Amino acid sequence: MTDIADAAQVVRSVGADAPDESPPSEPCVMLIFGASGDLTKRLLVPALYNLACDGLLSPNFAVLGTAFDPLTTESFRARMSEDIKKFHTRKDFDQTIWDDLISRFHYVQGGFADMNVFETLKAEVKKLDEQYSCTGNVLFYFATAPKFFGLLCDNLHKSGFKAGPGWKRIIVEKPFGTDLPSALKLNEEVLANWQENQIYRVDHYLGKETVQNLLAFRFSNGMFEPLWNKNYIDNIQFNVSEAVDVEGRGGYYDSSGVLRDMMQNHMFQMLAYLCMEVPGSFEPDAIRNEKAKLLQSVRNYSPEEVSRYVVRGQYGPSRDSTGKVKPGYREEKDVAPGSNTETYAAARFHIDNWRWEGVPIYLRSGKALWKRGTEIIVEFKKAPEVIFRGTPVTALGPNRLIFHIQPYQGIEIQFQAKIPGPRLHLQPVNMRFGYGDAFKASRYTGYEVMIYACSHGDATLFSRGDLVEAAWRVAQPMMDHWAKTPAQFPNYARNSWGPKAAADLIAKDGRRWHEVLTEDVLRKVPLFKDGDMVFLEQVIMALRSRQVSAGELIIKKGDIGRELYLVARGEVEVLDFDGKVIKVLADGDIFGEIGVLMSKPRTADVRAQTSCDLFVLDKSDFSRILRDNPLFASAVQQVAKERYQVNLPTDALTAPR
Ligand code: BG6
């Protein structure tokens, strides 16, 4: 079973609208160009298999694969039968369903420029159409490098594939162009002989259930729309962190970079869903019109604005926990040694329309980061603190609505609640909906819905030409500016949160990135590893992030301790009176707890030895959590004893508030 997919497809939901009575896909012959490649075996075939298992694949269906590879129908079937064992996404493998599906797979070997091959393909499609009663419908899937898209469209047209009964539709994989001029040219080539409503441009993020749910959430829940604007929303953050590096795809990636690879497509799709105006209906074009309009409203930056609002990064080499050095991006296979390709980017965008004018929209994404996670954080404006004057409440946090896209799939609302007790103390708490808890779901690849929707002529989940162009218009000024200005690379370590410049970018606006933490991340810290869920939730809600550069002073001797630090990544040094390093602390260590607990001036300087990612726990939160969690309190006592030979009295930890 593979873990490539995060998209959860609802098989049957409990107490939901109506049982799923979806008809199967429409009859068709699916002609896959690039059938011997990665995409076919990893995603397309497992998706077809899932559709078949769920009764959503028409019995009038056949696959005709074609590629340069010298395969026959028999060897193609044998290869797919091997691969499916590795890449299927279901718990159990149903051999009977697979045997039936694979018996409908056929193969023709040939080059994409060879008109004779197209003649053979046409004859074969005709034969399969008759054999499987596909009523003339043909779905062409371009699972090839983008450079073939125009050629394939042209040759399909020239060889007369458009003639005859039934529909003819083309699914085109990403990337659609590599910049604005190439995307315009490609649209021109593709649309020279085909209609826009025959072209289905894939963005696999739109196949994710959690992304599709953005629209369902916004437009089926009346309570949010009135708040969805600049009057109530302070800022929105889109985060796509990847823990993986370029994974041997250096050749492709080096001519791409994160802006082209993730932002211009996947992230802008999510941005459009989250921020677009209310469509007149759920008709494909009603939604696609609004998405295109939204992206057309995103400000296209001048070079000065690119410098002000966008930062880029590239990961350097680093040592893992076993001491093994892992290569930096420039040392990766097929990457130019002096490459200026960005593996990280963070940006503040402006949506220049009535709804969003002045609301900062932050996007960040990168490879080789500390965790894998895609989240959208909608941060609301704070309530006025003045109402709480005369109470112990000093500061209010903002409400947040968090869409957890992957790997955890859910929606969370954060708000303040009164801590039980005689006085008015507040604590941020959350309400969370998890897909896994609410739906009986099986893991899908995300491509099922694409193939299924295309067969029904539903283009909602596909990008229209104008949207792709609008997205490139936003990205183009950044690419142009970066091409002209040298980058200071590498500028972040593997497994870190990314370059410090990204933290500074948002800090300039008086804000910070909201890091979504999970229990499993916290459990890696010895101090937290035995904590129960309530305790960990409390810690998660209270921690805030801080990035510091190498050499920066974090704690100054003599200052009064107001916070405790947790090293997420990096090394900090504790200095004695003469400035000599007496201790080096690293990932998972805490420091600063004594000053906080004993309310005494700090006894030593603490300085970042390398660039560091830190979590900070404020004194008030720390004390509260200690009081509520005796186990944690004794663990802290233990650290204090070992590190400082200080016996912390229990009542110092548990003093009443
Ligand atoms: C692809 C990019 O489009 O999306 C990859 O080319 C990236 O570089 C991938 O890793 C991320 O997809 P997902 O579904 O794992 O978030």
Side-chain angles (χ1 to χ4, degrees), residues 2-9 34 37-40 42-44 46-47 50 87 89 142-146 171-178 183 201-214 238-271 273 312-315 329 332-335 339 341-345 363-376 403-410 435 443-450 461-463 468 471-472 475 494 498 516:
T2 176
D3 61 357
I4 47 175
D6 291 301
Q9 174 78 16
D38 235 36
L39 181 79
T40 306
R42 282 176 185 272
L43 296 162
L44 297 185
N50 277 336
F87 297 118
T89 63
F142 294 179
T144 69
I171 300 188
V172 188
E173 263 299 325
K174 86 160 247 245
F176 199 82
T178 51
R201 298 172 192 80
V202 165
D203 184 305
H204 82 274
Y205 265 58
L206 297 182
K208 294 181 191 284
E209 279 293 336
T210 41
V211 174
Q212 291 171 39
N213 192 52
L214 293 174
F238 293 78
N239 173 44
V240 181
S241 296
E242 293 196 276
V244 292
D245 55 25
V246 290
E247 296 180 294
R249 292 159 75 220
Y252 151 75
Y253 200 86
D254 211 32
S255 58
S256 175
V258 75
L259 184 57
R260 287 183 173 94
D261 189 51
M262 296 297 295
M263 268 196 187
Q264 183 274 342
N265 38 66
H266 307 324
M267 296 191 78
F268 283 4
Q269 293 283 355
M270 293 193 287
L271 168 70
Y273 267 1
R312 55 182 160 158
Q314 187 192 76
Y315 63 85
Y329 176 71
E332 298 276 17
K333 188 166 165 283
D334 300 328
V335 168
S339 174
T341 300
E342 81 290 352
T343 59
Y344 181 99
L363 268 66
R364 59 178 173 150
S365 178
K367 293 227 181 256
L369 296 175
W370 68 301
K371 64 153 200 184
R372 173 170 186 244
T374 300
E375 303 99 17
I376 304 170
F403 296 93
H404 297 271
I405 304 293
Q406 64 182 25
Y408 172 68
Q409 303 186 331
Y435 277 74
R443 287 166 84 81
Y444 261 30
T445 66
Y447 276 72
E448 294 77 1
V449 64
M450 302 281 179
L461 300 180
F462 297 87
S463 289
V468 174
W472 279 120
R494 275 171 175 272
V516 170

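For ligands, and for the atoms within them, numbers begin at 1 and follow the listed sequence. Note that the structure is predicted; figures quoted are calculated from it, not measured.
Listed here is the closest heavy atom pair of Val202 and Glu173: CG1-OE2, 3.7 Å.
Note that CD of Glu342 is 9.0 Å distant from CD of Gln314, once rounded to the nearest 0.5 Å. Atom NZ of residue Lys208 and atom NE2 of residue His266 lie 8.0 Å apart, to the nearest 0.5 angstrom. Atom OG1 of Thr210 is separated from atom CD of Glu375 by 11.0 Å, given to the nearest 0.5 angstrom. Atoms OG1 and CZ, from Thr341 and Arg312 in turn, are 10.0 Å apart once rounded to the nearest 0.5 Å. Here CG of Leu44 is found 7.0 Å from OH of Tyr447. Values are rounded to the nearest 0.5 Å.
Near His266, with a cut-off below 4.0 Å to any heavy atom, the atoms of ligand 1 are 1 (C), 3 (O), 4 (O). For ligand 1, the atoms lying closer than 4.0 Å to a non-hydrogen atom of Lys174 are 1 (C), 2 (C), 3 (O), 6 (O).
Close to ligand 1: His204, with a non-hydrogen atom less than 4.0 angstrom away.
Counting heavy atoms under 4.0 Å from ligand 1, residue Tyr205 touches it through the side chain alone. Residue-level proximity to ligand 1 for Arg372 is carried by the side chain, the only part with a heavy atom below 4.0 angstrom.
Between the choices Gln406, Lys208, Lys367, the shortest heavy-atom distance to atom 14 (O) of ligand 1 belongs to Lys208. With distances taken over non-hydrogen atoms, the option nearest atom 5 (C) of ligand 1 out of Asp261, Thr445, Val202 is Asp261.
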